[in-house]
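The structure appears below as structure tokens.
Below, each value reflects all heavy atoms present in this structure, side chains not excepted, and no hydrogens, waters or symmetry copies. Labels below follow one simple rule: chain letters A, B, ... track the order of the sequence lines, proteins then strands, and each chain is numbered from 1.
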2 protein chains.
Amino acid sequence: MERTGVDIDGADETAGGTLVRDSGARPVGAASGEASKAAHEVLAVVFQIREGRLCVLLWRRARPPFEGCWALPGGRLGAAEGLGESIRRQLAQKVDVRDLTHLEQLETRGDPDRHPHGRTLATAYLGLIPADIDPVIPRDTRWHPAAEPPVPEPSAPEPPAMAFDHAAIVGSARRRLRAKLSYTNVGFALAPPEFTMSQLSRYYRAALGHDVAATNLRRVLLRRGQIEETGESVPSGRSGGRPAALFRFRARRLEITDAFAVLRPPAGC
Amino acid sequence: MERTGVDIDGADETAGGTLVRDSGARPVGAASGEASKAAHEVLAVVFQIREGRLCVLLWRRARPPFEGCWALPGGRLGAAEGLGESIRRQLAQKVDVRDLTHLEQLETRGDPDRHPHGRTLATAYLGLIPADIDPVIPRDTRWHPAAEPPVPEPSAPEPPAMAFDHAAIVGSARRRLRAKLSYTNVGFALAPPEFTMSQLSRYYRAALGHDVAATNLRRVLLRRGQIEETGESVPSGRSGGRPAALFRFRARRLEITDAFAVLRPPAGC
DNA sequence: ACAAAAGTGTTTGTGGTACACCCATGG
DNA sequence: CCATGGGTGTACCACAAACACTTTTGT
């Protein structure tokens with residue numbers, strides 16, 4: 001969490017605004033605001049580790065605004081849908097929803113001019129897919145490396161840039177994933193059901209962006225009770241080497257495994 | 001994160017939903033959803049430490065729904081307002097906005113029937129106020145201890161319960177604050193500009209819900225560079241004792257001071 | 001002198017990285 | 001028997017909690 005990469009959320013705004021003082025009963029929406037209804041969309045940053053790299057699922061917009069740009073999957077919130085429900089429904093059009101091993105709310109963006117065609121709020125989710133599957137995706141969608149300059153490859157004719165504020169949202173998602181990898185068991189959502197430690201360390205490397213020693217990763221995750229041996233092992237490759245033991249995550253739901261590193265309650269409690 | 005008290009966000013939803021497959025261009029909001037506009041409100045969980053307890057600012061609803069219940073301050077999002085901008089404006093009606101030392105987005109709730117009078121999404125913020133001030137608040141608002149059973153005191157005629165899903169939101173806010181106290185410098189937002197270590201440890205105790213030894217807190221925060229001595233000290237009280245040194249937070253903006261406790265990048269990088 | 005509160009020094013323990021070494025297999 | 005990759009053992013280190021002890025004040 002929060003750790004590096006731990007999200008700072010919308011903490012970048014500073015004071016400003018006037019002091020209005022009224023008192024007494026006030027119906028839920030009063031004040032200077034013209035009580036308005038706004039369009040609301042739900043987006044998802046779906047990550048998967050592919051070929052050793054953390055990738056995001058994006059689709060290419062076929063019409064303005066941002067025609068030809070890459071955008072996060074998602075769409076308008078239905079009239080009677082919950083937010084999580086909505087993003088699951090919408091992703092079913094892009095990815096088989098059964099493959100989503102984890103989904104959590106990320107942030108909501110409400111900048112009045114984030115959408116050129118009128119006020120639109122967007123609630124973004126972070127979704128994860130295990131590395132071993134290759135879901136069928138529509139022709140206009142593609143997996144993009146989520147590397148630092150999120151998508152825009154300069155001069156290349158192919159990917160012009162990302163639409164709306166979606167690049168920033170991908171950034172939040174990466175930070176969130178990175179943070180949670182260090183104090184929760186989210187790894188389960190990136191890895192296949194069974195894996196060797198060197199495979200797992202490659203997934204971690206891809207998601208964290210830096211080297212992860214398989215040997216230490218093993219001990220850390222074992223000590224925390226995140227993973228366990230299946231008892232089986234895979235035969236060594238053509239080039240020899242000791243056969244690798246297979247592991248699995250003990251839980252397949254998000255758990256916090258490294259609660260307070262500091263300021264923890266006194267021992268006798 | 002974190003750690004206990006670290007937020008699990010909306011991770012409690014599991015798969016379900018059908019597999020729809022269409023491809024080709026699709027305008028931002030297509031699919032089964034009837035593209036609708038929904039009311040959107042912005043709420044704030046404003047915490048302050050008062051008399052050694054973590055308290056939330058609540059106001060009492062004067063009319064249905066939830067007449068007589070306690071609710072979070074906030075209201076409808078204005079037509080041309082950003083989310084953060086809106087909550088700042090709305091809080092200006094309850095608390096002098098200059099006193100808010102920290103504000104961050106918490107979560108967005110969109111359960112279709114969270115509001116009996118029609119679909120209403122709510123984006124909640126976490127706001128903090130330093131312990132040394134006592135802002136003027138309207139007659140219908142009050143500071144409530146944010147203790148475990150958030151507000152509802154059984155049998156007492158006074159506070160019946162909390163309106164809507166606000167009790168759950170207060171819970172999220174407490175977990176978030178608690179988590180961030182252990183890996184960021186949020187303490188600055190709860191403490192007055194200058195403080196002694198035993199005062200600060202009382203603030204931490206109130207926010208975390210468990211004892212915090214002043215002696216260790218001092219070392220931890222000094223090592224992390226969060227606080228520094230002002231050079232001054234306060235005279236001891238009537239009962240004697242060594243005069244306490246005054247400290248201040250070195251930064252008054254949120255910073256992550258305890259990035260990755262684990263899985264940190266290899267030393268040479 | 002004594003009590004009270006603040007502050008320091010020291011011990012102990014834990015959890016994590018780094019690194020050398022041992023193990024099992026294929027050629 | 002050697003190269004290759006997996007697995008273990010161990011040294012080291014940073015950080016933090018616990019607690020005894022010292023310092024500085026008021027009465």
(Q) For A/Ala213 and A/Pro235, find the nucleotide of DNA chain C closest to each by heavy atoms; which residue's nucleotide sits nearer the 5' end? (A) A/Ala213
**Q.** Nucleotide-resolved protein contact map, nucleotides 4-14 of chain C, B/S/- at heavy-atom distance under 4.0 Å
**A.** BBBSBBB----
Q: Measure the distance from CG on A/Leu222 to C1' on C/dG16 and round it to the nearest whole Å.
A: 14 Å
Q. CG of A/Leu200 versus C1' of D/dG7: gap in Å, rounded?
A. 15 Å
Q. Nearest-Å distance, CZ (B/Arg224) to P (D/dA14)?
A. 16 Å
Q) What integer distance in Å separates B/Gln226:CD from D/dC15:C1'? A) 15 Å
(Q) For the CG atom of B/Leu128 and the CG atom of B/Leu126, what is their distance to the nearest 0.5 Å? (A) 4.5 Å
**Q.** d(CZ, B/Arg205; P, D/dA17) in whole Å
**A.** 14 Å
Q) Quick one: are B/Arg174 and B/Arg176 in side-chain contact, heavy atoms under 4.5 Å? A) no
**Q.** Rounded interatomic separation in angstrom, taking CZ from B/Arg238 and P from C/dC2
**A.** 25 Å
Q. If only side-chain N and O atoms of B/Arg223 are considered, is one of them under 4.0 Å from the OP1 or OP2 phosphate oxygen of D/dA14?
A. no
(Q) B/Arg248: which residues meet the side-chain hydrogen bond (donor to acceptor under 3.5 Å, both in side chains) condition with it, sequence neighbours left out? (A) B/Glu228
Show which side-chain atoms of residues 197-208 of chain A pair as donor or acceptor with protein atoms under 3.5 Å away, not counting sequence neighbours.
residue	atom	partner	partner atom	Å
A/Ser198	OG	A/Thr196	OG1	3.4
A/Ser201	OG	A/Ser198	O	2.9

Q. Roughly, in whole Å, what's the span from CD in A/Glu232 to P in C/dA24?
A. 19 Å
Q.
A side-chain contact here means heavy atoms from C-beta on lying under 4.5 Å apart; do A/Trp59 and A/Leu72 qualify?
A. no
Q. Quick one: are A/Gln48 and A/Leu57 in side-chain contact, heavy atoms under 4.5 Å?
A. no
**Q.** Rounded interatomic separation in angstrom, taking CG from A/Leu221 and P from D/dG7
**A.** 14 Å
